[in-house]
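In each ligand, atom 1 is the first atom listed, and ligand 1 is the first ligand listed. Note that the structure is predicted; figures quoted are calculated from it, not measured.
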Amino acid sequence: MTIEYNHLRCIIDLDALCANYALLQSMSPESARTIPVIKADAYGHGLCECAHALESLRSRAVATGSPTTYAVGTAEEGANLREAGVGGRILILLGNQHSRDEALCLEHALTPVVSRTGQIRPLAAAARMAGLHADIALKFDTGMARLGFTDADFGDLVDVLASHPNVRPVWAVSHLATADDPQQESFVRAQARRFAAFVDKVRAAGFPVRASIANSAGLIGYPDLAMDGARVGIAMYGANPFAGTVWEEKGAGLRQVMRVEAPVYQVHRLGKGESISYGRTFTAQENMTVAVLGIGYADGYSRGLSNKAEVQIHGRRARIVGRVCMQMTAVDVSHIEGVKPGQYACVLGGDGDTGVTSEELAGWWGTIPYEVFCLLGLNRREFVGET
Ligand SMILES: *Cc1c(COP(=O)(O)O)cnc(C)c1O
């Protein structure tokens, strides 16, 4: 059970999610099937709800079609998806890192992404015991230097695959380190070249894999790198990976999926010279009116937003005054008529062009939209949309 500290409204617009998926798929060649990345509870948007919405694209009159492959973080997430009735291929990005993962992958027909040969042998043994074959994806390190096979590992990899024919590589994947920074295009191109060489070698060794290297920014910035399917996360949730860069226009047309509203608890006057909240970090320069909102760092709304972030009330912007507390935050509403307890303020999203974007909120927060969504998405959510 989730305990709520405040009655926030965290509203997930599944129509926007589907529209973003369709927009991203339209950037790829038709032969590529865009892979939704729904790890970490779909970046806070709801694992099963998002998957069901995307699955519903199949039956709706949209040319896009539904995804054929999904990507999640762990085998447990994959098992949850299967139990919720999601078909198709499910890639486990952190595949077979725990000993119970092999059984979960086999039981639920999940496809673990493996990055060292030590993950292949136990899977092959478990598959043999169960009388099954196991599909896997191979992860190659082309410059991220996190997980992945390198050139030095390649000979051993082919030997291990050849001696375990019940384990079949079906995808080869790699991950771009700098796709969202137009200044670092040459590194993207270098990673793509290294990856293409790995894919050629895998295919030449007799394993007819599909290939995927692009994340959201990789697809939007470099559609020629879509290969057999880009793995899209952040853009599908409506954040433009190129916001604030010279390539901002390339990511135009995405719709923010998450909206977070906080209730107004009290509205009162703050006289000239009076301070507000812990530490007295804000003192009124003029007589002003403040609204105290029911949201704070216990709800994932960072204390780092103190005296920085803005919210939307009645279609207008109001700035935070003083420190964000555990469950309350005050904003300046001197210029906004008719703010009353019981009304709601948007801390993320909102109507018209004064809505708060995830990029803006992340900027005040000193982070990226990914983290904003993951943290605010821990609140109880409501789902809206036709799907
Ligand atoms: C999270 C993740 C993605 C999605 O990246 P976005 O930038 O959100 O599109 C793609 N591939 C891998 C391996 C990931 O871990």
Side-chain angles (χ1 to χ4, degrees), residues 17 20-21 23-25 27-28 32-45 47 50-51 54 67 69-75 77-78 89-97 110-115 119 136-149 171-182 184 187-188 191-192 195 198 210-223 225-245 247 250-251 254 256-258 358-359 362 367-375 377:
L17 180 89
N20 293 340
Y21 179 79
L23 178 64
L24 293 162
Q25 174 62 36
M27 295 178 187
S28 307
R33 298 305 311 171
T34 305
I35 302 169
V37 179
I38 48 178
K39 68 190 179 202
D41 204 16
Y43 294 31
H45 293 71
L47 173 71
C50 288
L54 293 164
T69 301
Y70 294 88
V72 295
T74 65
E77 290 174 310
R89 187 174 294 286
I90 300 177
L91 297 175
I92 309 299
L93 295 173
L94 299 171
N96 291 9
Q97 299 289 4
L110 308 172
T111 306
V113 179
V114 305
S115 50
Q119 294 170 295
I136 59 169
L138 303 173
K139 172 124 180 179
F140 291 96
D141 178 20
T142 58
M144 186 69 138
R146 248 175 9 180
L147 301 176
F149 295 103
W171 276 92
V173 302
S174 191
H175 198 35
L176 297 170
T178 62
D180 58 358
D181 179 1
Q184 300 203 55
F187 197 76
V188 174
Q191 283 199 267
F195 184 55
F198 276 124
R210 290 167 187 254
S212 170
I213 189 170
N215 58 354
S216 297
L219 172 64
I220 296 169
Y222 309 86
L225 298 185
M227 302 184 87
D228 295 310
R231 307 181 305 272
V232 299
I234 198 69
M236 187 176 63
Y237 305 108
N240 179 355
F242 292 112
T245 76
W247 286 3
K250 292 180 192 255
L254 296 165
Q256 195 160 291
V257 176
M258 184 186 290
S358 62
E359 295 89 355
T367 184
I368 50 177
Y370 299 73
E371 189 179 3
V372 168
F373 292 146
C374 284
L375 293 177

Quiz item: Of all residues at least two apart in sequence or in a different chain, which pass the ring pair (Phe, Tyr, Trp, His ring centres under 6.0 Å) check with Phe195?
Solution: none

Exercise. Just jot down the ring pair (Phe, Tyr, Trp, His ring centres under 6.0 Å) partners of Trp247, sequence neighbours excluded, or say none.
Key: Tyr222, Phe242

Quiz item: Are any side-chain N or O atoms of Asp141 and backbone N or O atoms of Phe149, one a donor and one an acceptor, separated by less than 3.5 Å?
Solution: no

Quiz item: Any donor-acceptor pair under 3.5 Å linking the side chain of Arg33 with the backbone of Thr69?
Solution: no

Self-check item: Aromatic contact, Phe373 with Tyr43 (centres under 6.0 Å)
Solution: no

Quiz item: At a 4.0 angstrom heavy-atom cut-off, what protein residues surround ligand 1?
Solution: Val37, Lys39, Tyr43, Leu93, Lys139, His175, Asn215, Ser216, Arg231, Val232, Gly233, Ile234, Tyr370

Quiz item: Who passes side-chain hydrogen bond (donor to acceptor under 3.5 Å, both in side chains) against Ser358, sequence neighbours left out?
Solution: none

